[in-house]
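Keep in mind the model is a prediction, meaning the values are calculated, not measured.
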Amino acid sequence: MALLAFGLLAGPAHAQTTGPSQARPDSGRPAPNADAKSDKSGAPDKAAEAPRPRPPKDKRTQLEGLFAALKVAPDDRSSKQIADRLEAIFADSGSPSCDILMARALAAADAKQYDLALELLDQVILIEPDYIGAISKRATLRYMKDDYSGALADLREVIAREPRHYSSMYGLALILRDLGDDKRALDAVRRARAVNPRIDGSEDLEDQLSVKVEGRQI
């Protein structure tokens, strides 16, 4: 189904976890068995003086790096790995309350209880208005209910917050094509492919739309 091509980034909310290398700030208290960290001369052990690992980069910096890597991914496998990491970032609400509501919404959607899923997503977005994962998922559900105007509004909201959200751009292209607006659909799919050239089905869609809008090249 065309809606599956959206890839609307509503994966597990806790995909980004804290690894063991992310050390907690020093509390200023001496470590247990501090004597064990010095040699016989009383000089501190060099290992104990090693600098702490740097904290992980902030989300925006991660996004910049992943989008840059996605554009030049050499093959489908590496592109998929990068896309999965992007999905995990966008799916992270940063709110335990939203995580619970989001999980319930996804379960309701899987059970085809779309009205309930939409109500839950509305609550999530009310709590976290900038939560792209919830807005994009709501766009998918609205599309499934043939609410094209609602789906378009959500997709444009996502793109306004993150112009490189290629899945929403591709979803926008699919809906505009269905509505007969081939020119704007072509623009949307090209913008999506400029971010991620390996979106499934996007090359064929661009070819089809370019023939309709620009004609066949001689």
Side-chain angles (χ1 to χ4, degrees), residues 1-17 76 79-162 164-182 184-185 188-189 191-193 195-196 198-205 208-209:
M1 295 176 64
L3 62 96
L4 296 179
F6 282 37
L8 289 177
L9 308 185
H14 292 295
Q16 299 293 308
T17 57
D76 290 342
S79 177
K80 176 67 166 55
Q81 291 175 339
I82 297 167
D84 287 346
R85 292 175 65 187
L86 282 166
E87 289 179 13
I89 292 175
F90 285 124
D92 184 8
S93 72
S95 165
S97 298
C98 286
D99 291 345
I100 293 171
L101 290 170
M102 192 68 178
R104 292 175 179 171
L106 295 175
D110 288 342
K112 298 184 178 181
Q113 297 175 332
Y114 300 137
D115 289 337
L116 174 58
L118 285 169
E119 290 178 9
L120 291 166
L121 288 171
D122 286 343
Q123 294 179 43
V124 173
I125 295 167
L126 186 63
I127 298 171
E128 293 288 344
D130 295 326
Y131 182 15
I132 287 179
I135 301 172
S136 58
K137 184 60 180 178
R138 189 173 67 178
T140 300
L141 292 177
R142 285 176 165 176
Y143 177 84
M144 293 171 70
K145 290 175 63 65
D146 295 327
D147 178 8
Y148 279 16
S149 61
L152 285 171
D154 279 341
L155 292 174
R156 286 169 175 148
E157 193 70 27
V158 172
I159 295 166
R161 285 170 165 75
E162 177 47 78
R164 297 167 297 183
H165 198 280
Y166 59 87
S167 296
S168 289
M169 198 78 67
Y170 187 45
L172 181 64
L174 292 171
I175 293 179
L176 290 172
R177 179 200 61 182
D178 291 350
L179 294 175
D181 193 344
D182 293 336
R184 287 201 296 166
V189 73
R191 288 166 63 191
R193 297 195 72 232
V195 179
N196 181 2
R198 297 178 180 274
I199 306 172
D200 288 344
S202 63
E203 185 175 4
D204 289 341
L205 179 62
Q208 294 166 11
L209 290 170

Stepwise side chain to side chain contact (heavy atoms under 4.5 Å, CB included) test for Y143 and L155 | CA-CA 10 Å; Y143 177 84; L155 292 174; over 6 Å; no
Write down the atom of [X], the atom of [Y], and the distance for their closest heavy-atom approach.
X	Y	answer
R193	I199	N-CD1, 4.5 Å
M102	G133	CE-O, 3.7 Å
D99	S93	OD1-OG, 2.5 Å
G150	R142	O-NH1, 3.3 Å
A117	A109	CB-N, 3.9 Å
N196	S79	OD1-OG, 3.6 Å

Walk me through it: do R161 and I135 pass the test side chain to side chain contact (heavy atoms under 4.5 Å, CB included)?
-> CA-CA 11 Å; R161 285 170 165 75; I135 301 172; 4.3 Å; yes
Point-to-point distance, once rounded to the nearest 0.5 Å, from [atom1] of [X] to [atom2] of [Y]:
X	Y	atom1	atom2	result
D147	R138	CG	CZ	10.0 Å
I89	D92	CD1	CG	8.5 Å
L116	R104	CG	CZ	10.0 Å
D76	D200	CG	CG	7.5 Å
I125	D154	CD1	CG	6.0 Å
S168	E157	OG	CD	11.0 Å

Side-chain heavy-atom pair K145, L118 within 4.5 angstrom cut-off = yes
Verdict with supporting geometry, V195 and M169, side chain to side chain contact (heavy atoms under 4.5 Å, CB included) = CA-CA 10 Å; V195 179; M169 198 78 67; over 6 Å; no
Intermediate values then yes/no, side chain to side chain contact (heavy atoms under 4.5 Å, CB included), V158 and F90 | CA-CA 11 Å; V158 172; F90 285 124; over 6 Å; no
If only atom types and distance count, is the side chain of Y166 paired as donor or acceptor with the main-chain N or O of V189 below 3.5 Å?
-> no
